[in-house]
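Structure first, then comments.
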2 protein chains.
Amino acid sequence: MPPIREMLAESGITEQQWRVLRVLAEHGPQDTSTIAQRACLLLPSLTRIAQKMRDNGLITLARDDTDKRRQTIALTKAGQRIVDDNMDEAAAIVNGIKQRLGADNYEQLLDLLSLLEADT
Amino acid sequence: MPPIREMLAESGITEQQWRVLRVLAEHGPQDTSTIAQRACLLLPSLTRIAQKMRDNGLITLARDDTDKRRQTIALTKAGQRIVDDNMDEAAAIVNGIKQRLGADNYEQLLDLLSLLEADT
DNA sequence: AACGTTTCCTTAACATGTTAACTATGCGTA
DNA sequence: TACGCATAGTTAACATGTTAAGGAAACGTT
């Protein structure tokens, strides 16, 4: 998504980091594996990405108290701000694509893609 | 495509290298930019990939005589052999996906994807 | 011929994709 | 409790994705 990347470059983040931020904004604090699944990232990638995002002050990492294997990730104010600053424009970009394809084609494409990745 | 990757791992190549081999097998010797477009690879990626494939004896690189900026890439026998050894199984894997989705859905998905990347 | 511009490719730098090996923790059970 | 096993993350190593900058050759114009 070149237009999305171009937008995010101004905030200094990548598409993958953006997906992580959005998932956190939508579902609240979560463990690493849940984020990986929701943001379509493999765990090793997310491990690196999360470390960078923590170093950049966008998220916090904390061990879960009841299960010390789990890492709970949460948004910081700086991270929330990037979401707020870009959400509208991101929606507009997606909407532009939807318009170009036509609403019916757009929905159909999403359906077929989810069918494709339904492994069974 | 996990099943494709699993198949190719036995020949010691990646999905991207496989696409380069297939494009060369289908269209014959070509310059780098043409391959990049046909194999859906960016030029910097293809530059590295081609160097590795040459080092591994799968392709040859040669400067074009009429235009010395151009690099002409061609299959070696070893490269052709990997194509021959895997083409049938690759086709079977694709066919399996087609069956699972249904022929109509499969065609429709391809159509929608080409519509999506038709930038205009 | 000389110049500016474009084209083809390469290199560099950083980020992610992908697989395998590894650590730590939790869990079930003998 | 001790053992065996499963789960959650991490690390490592290599390959590719992505953008920007650079180098060489071709091209058009003066």
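Order of the sequence lines fixes the chain letters, A, B, ..., with proteins taken first and strands second; residue numbering starts at 1 for each chain. What you see is a predicted model; the values in this text were computed from it and never measured.
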### Task
Might you work through the side chain to side chain contact (heavy atoms under 4.5 Å, CB included) test for A:Asn86 and A:Met7, ending with a clear yes or no?
CA-CA 8 Å; A:Asn86 291 281; A:Met7 170 188 81; 3.4 Å; yes
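Of the residues in residues 16-25 of chain A, those placing a heavy atom less than 4.0 Å from an atom of DNA chain C are A:Gln16, A:Gln17, in numerical order. Applying a 4.0 Å cut-off to non-hydrogen atoms, the residues of residues 30-38 of chain B that approach DNA chain C are B:Asp31, B:Thr32, B:Ser33, listed by residue number. Interface residues of residues 61-70 of chain B facing DNA chain C, ordered by number: B:Arg69, B:Arg70; criterion, heavy-atom separation under 4.0 Å.
With sequence neighbours excluded, the residues forming a side-chain contact (heavy atoms from CB on, under 4.5 Å) with A:Asp85 are A:Arg81, listed by chain and number. In terms of the salt bridge (Lys or Arg N to Asp or Glu O under 4.0 Å) criterion, residue partners of B:Lys98 (sequence neighbours excluded) are, by chain and number, B:Glu107. Partners of A:Asp111 according to the side-chain contact (heavy atoms from CB on, under 4.5 Å) rule, which considers only residues two or more places apart in sequence or in another chain, do not exist here. Not counting sequence neighbours, B:Arg38 has no partner by the salt bridge (Lys or Arg N to Asp or Glu O under 4.0 Å) test. Not counting sequence neighbours, the partners of A:Asp84 by the side-chain hydrogen bond (donor to acceptor under 3.5 Å, both in side chains) test are A:Gln80. In this view, A:Ala74 and A:Pro29, A:Thr60 satisfy the side-chain contact (heavy atoms from CB on, under 4.5 Å) rule, not counting sequence neighbours.
Looking at heavy atoms from C-beta onward, A:Gln30 lies in side-chain contact with A:Leu24 at the 4.5 angstrom threshold. Between A:Asn105 and B:Leu115 there is a side-chain heavy-atom pair separated by less than 4.5 Å.
Residue whose closest nucleotide on DNA chain C sits further toward the 5' end, between A:Leu41 and B:Thr47: B:Thr47. Toward the 5′ end of DNA chain D lies the nearest nucleotide of B:Thr14, the other residue of the pair B:Thr14 and A:Arg5 mapping further downstream.
Within the nucleic acid shown, B:Glu6 has no heavy atom closer than 4.0 Å to any nucleic acid atom. Counting any heavy atom pair closer than 4.0 Å across all strands shown, B:Gln51 reaches sugar-phosphate atoms only and no base atom. At a threshold of 4.0 angstrom between heavy atoms, the contacts of B:Ile49 are confined to the sugar-phosphate backbone, with no base atom among them.
On the nucleic acid side, DNA chain D contacts chain B at distances under 4.0 Å to non-hydrogen atoms, with the end points of that region at D:dA15 to D:dA26.
With the end axes of the helix from C:dA1-D:dT30 to C:dA30-D:dT1 each set by five pairs, the angle from one to the other reads 10° at 10° resolution.
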Scan the side chains in residues 39-59 of chain A for donor-acceptor partners under 3.5 Å anywhere in the protein, sequence neighbours excluded, and list what turns up.
unit_1: A:Thr47; atom_1: OG1; unit_2: A:Leu43; atom_2: O; d: 3.0
unit_1: A:Asn56; atom_1: ND2; unit_2: A:Lys52; atom_2: O; d: 3.3

